[in-house]
Protein chains: 2
Amino acid sequence: MAGEPGGPAQVVLTATIARRYYLDGRSKVEIADEFGLSRFKVARILDTARQSGLVRIEIRHEGEIDVDLSARLRDRFGLQHAIVLDTPDDDAASLRDHLGRAAAQLLAEVITPQDVLGLAWARAVSAMARALPPLPGTPVVQLTGAMSLPGGPDTSVDVVREVASASGGAAHVFYAPFTVPDAATARALRQQPEVARAFAHLPAVTKAVAGVGLWAPGLSVLHDALPEDDRAALVRLGVCADVSGVFLSADGEPVTTQLSERMIGISAEEMRAIPEVITIPYGVAKALAVRASLLSGLVGGIVTHAALASAVLEE
Amino acid sequence: MAGEPGGPAQVVLTATIARRYYLDGRSKVEIADEFGLSRFKVARILDTARQSGLVRIEIRHEGEIDVDLSARLRDRFGLQHAIVLDTPDDDAASLRDHLGRAAAQLLAEVITPQDVLGLAWARAVSAMARALPPLPGTPVVQLTGAMSLPGGPDTSVDVVREVASASGGAAHVFYAPFTVPDAATARALRQQPEVARAFAHLPAVTKAVAGVGLWAPGLSVLHDALPEDDRAALVRLGVCADVSGVFLSADGEPVTTQLSERMIGISAEEMRAIPEVITIPYGVAKALAVRASLLSGLVGGIVTHAALASAVLEE
DNA sequence: CCTCTGCGCGCTCAGATGAGCAGGAGGGGT
DNA sequence: ACCCCTCCTGCTCATCTGAGCGCGCAGAGG
């Protein structure tokens with residue numbers, strides 16, 4: 001690699017020319033005139049300078065974003081946006097806050113006044129809402145019913161309201177549980193004016209933020225909220241991940257379940273119609289679910305941490 | 001410096017584009033097509049990437065050559081070649097060997113079969129001779145008479161012979177002391193056939209290697225070899241440096257001395273006629289003398305170490 | 001001695017690039 | 001509501017740049 005140039009004078013000349021070109025921004029023609037060389041000679045010297053490692057170009061970000069992992073994730077799964085934070089991930093709460101802040105910045109960056117924002121409930125979405133700067137009057141639509149999480153004060157409705165107040169836009173909310181015991185109740189709830197009105201805005205949603213869960217104990221709030229027979233039924237159907245209530249197999253295919261008829265929330269088809277769905281997953285254990293969500297094509301943006309991103313990228 | 005880009009998505013996009021451009025070598029047009037941007041936008045993104053420090057280009061040599069100091073020395077004094085070694089300089093002997101090797105490489109690099117090489121005596125020149133690779137038949141001319149240095153086995157003649165045997169060219173040598181007690185003796189010596197024959201080749205010399213001494217005790221072999229009244233006389237004339245017997249004031253002007261009439265060696269005019277004279281000074285104490293030698297315009301090449309180079313460059 | 005071969009050099013020409021400019025969107029002041 | 005100011009964007013055109021080509025020189029071999 002190194003040691004290419006013939007002798008010390010060559011080394012010094014090469015380094016000087018490299019400096020003029022790369023650091024002083026002179027053109028090769030100027031440099032050729034200055035040193036009495038042809039511009040081709042200068043070009044060849046610069047080539048050897050790069051090949052020999054005398055000129056080193058590195059791309060490195062000072063902040064907490066791992067640009068390399070981000071770009072790889074983005075390329076690998078054809079995403080619109082991928083943000084990987086290089087954050088210590090031992091403490092789930094602080095990790096969630098970090099990701100929430102980054103997601104808030106991302107959302108603020110990509111959203112336009114023409115957008116309609118959809119929000120599904122997830123703890124990371126709640127963290128994002130807290131960090132959100134003022135948005136340009138974007139309407140906010142609630143995508144899922146409420147889930148009772150012990151110790152969590154924010155409900156779906158609260159988060160949507162919070163974001164809408166940050167944006168100054170309308171908040172389309174409804175009060176209903178995420179899951180109910182039977183399909184008839186679900187149908188009835190969906191026909192309630194409040195719920196129907198909110199869901200009518202669903203086709204207009206252009207950007208959404210959702211959570212991702214691995215279908216296993218402790219890794220999906222929805223999973224843990226369901227009775228054992230429902231959990232097992234979905235396992236038998238090959239469910240690997242849920243994206244705010246949309247169930248996916250390990251290779252990212254949507255799985256049709258009877259449970260869906262008993263849920264008040266967005267369907268796979270409706271989610272697919274949303275141009276960009278952003279997820280904020282964390283925890284290496286969820287790698288399989290995250291990969292499923294990315295393979296599904298439902299998800300267009302992801303905000304996560306380095307360990308999980310690496311795990312997802314591994315074969 | 002950092003933190004220029006608007007948001008995380010912008011950071012990732014910028015980093016990805018920078019990677020494509022600087023590391024993958026894609027053109028801006030290709031990148032623009034790939035990301036659906038105009039090539040101008042790509043160019044601007046790349047500009048911000050460099051300004052923000054996300055792309056860092058550094059020029060650094062692995063070996064012992066300090067390319068930065070070398071180039072500064074070269075530019076500052078309009079030299080043809082400057083080689084500054086980043087070598088520990090606590091041990092004079094090993095430092096001399098290092099410089100000698102580097103000078104040998106430099107000489108081998110810049111010399112052509114058409115060149116005629118002149119050699120003045122100096123310890124560093126002797127070290128160079130030892131490290132010299134085969135040269136393309138260059139004739140070698142002795143420039144100065146011999147000096148008796150206690151403990152030094154090599155005389156001017158030996159060094160010239162050694163180099164000539166490495167080059168396979170003719171060795172134009174003579175046996176005569178550098179200084180004699182009176183002008184008449186010097187004139188007589190110069191007219192000796194052997195001496196005259198060697199000096200006849202002087203105008204043909206195209207490259208030479210010489211030593212530099214500071215006119216003070218212990219920093220110039222010539223100074224130390226002269227009686228006290230001669231030393232003092234030169235000090236009174238403002239002599240600061242000697243370049244293989246050519247005396248210079250602190251600002252690099254040649255100083256005419258009566259001593260010159262009593263010396264068998266090259267004159268200032270003859271030295272100025274040589275296209276490139278290379279010196280191999282070492283020791284920070286000689287900084288003033290080295291600066292004088294570089295200001296004089298007599299010297300076109302220098303091989304030295306970082307500490308001395310820095311000292312010379314300081315105002 | 002001549003010829004062959006490989007290498008370094010600079011040329012041509014098409015494509016890439018940069019500087020400067022004009023048009024348009026957004027934001028704030030009156 | 002209106003205007004001005006600024007920033008952002010993409011255009012034109014002149015210049016710069018890279019890929020490929022042919023020349024000439026040095027060294028090997030006949």
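Order of the sequence lines sets the chain letters (A, B, ...), proteins ahead of strands, with each chain counted from 1. Values reported hereafter were calculated over all heavy atoms of this structure, with side chains retained and with hydrogens, waters and symmetry mates removed.
Between B/Lys41 and A/Ala43, the residue whose closest nucleotide on DNA chain D is further toward the 5' end is B/Lys41.
For C/dT17, neither phosphate oxygen OP1 nor OP2 lies less than 4.0 angstrom from any side-chain nitrogen or oxygen of B/Lys28.
Spacing between atom CZ of B/Arg26 and atom P of C/dA16 amounts to 12 Å, rounded to whole angstrom units. When the P atom of C/dT17 is taken as reference, atom OH of B/Tyr21 falls 5 Å away, rounded to whole Å. For the pair A/Ile31 CD1 and D/dT15 P, the computed distance is 18 Å after rounding to whole Å. To the nearest angstrom, P of D/dT17 lies 15 Å from CZ of A/Arg44. In this structure, B/Arg39 atom CZ and D/dG10 atom P are separated by 12 Å, rounded to whole Å. At whole-Å resolution of the value, CZ in A/Phe40 and P in D/dA19 are 12 Å apart. As rounded to whole Å, 14 Å separates atom P of C/dT17 from atom CD1 of B/Ile45. Across the protein-nucleic acid pair, B/Arg50 atom CZ and C/dT17 atom C1' stand 14 Å apart, rounded to whole Å.
A/Ser70 and A/Val84 get closest at one heavy-atom pair: OG-N, 3.0 Å.
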* side-chain hydrogen bond (donor to acceptor under 3.5 Å, both in side chains) evaluation trace for B/Thr206 with B/Asp115 -> CA-CA 6 Å; B/Thr206 56; B/Asp115 275 319; 2.5 Å; yes
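Using a 4.5 Å heavy-atom cutoff, the side chains of B/Ile83 and B/Leu73 are not in contact. Contact of the B/Val55 side chain with the A/Ile57 side chain is registered, since non-hydrogen atoms from C-beta on lie closer than 4.5 Å.
Nearest to the side chain of B/Ser27, among C/dT12, D/dG10, C/dT17, sits C/dT17.
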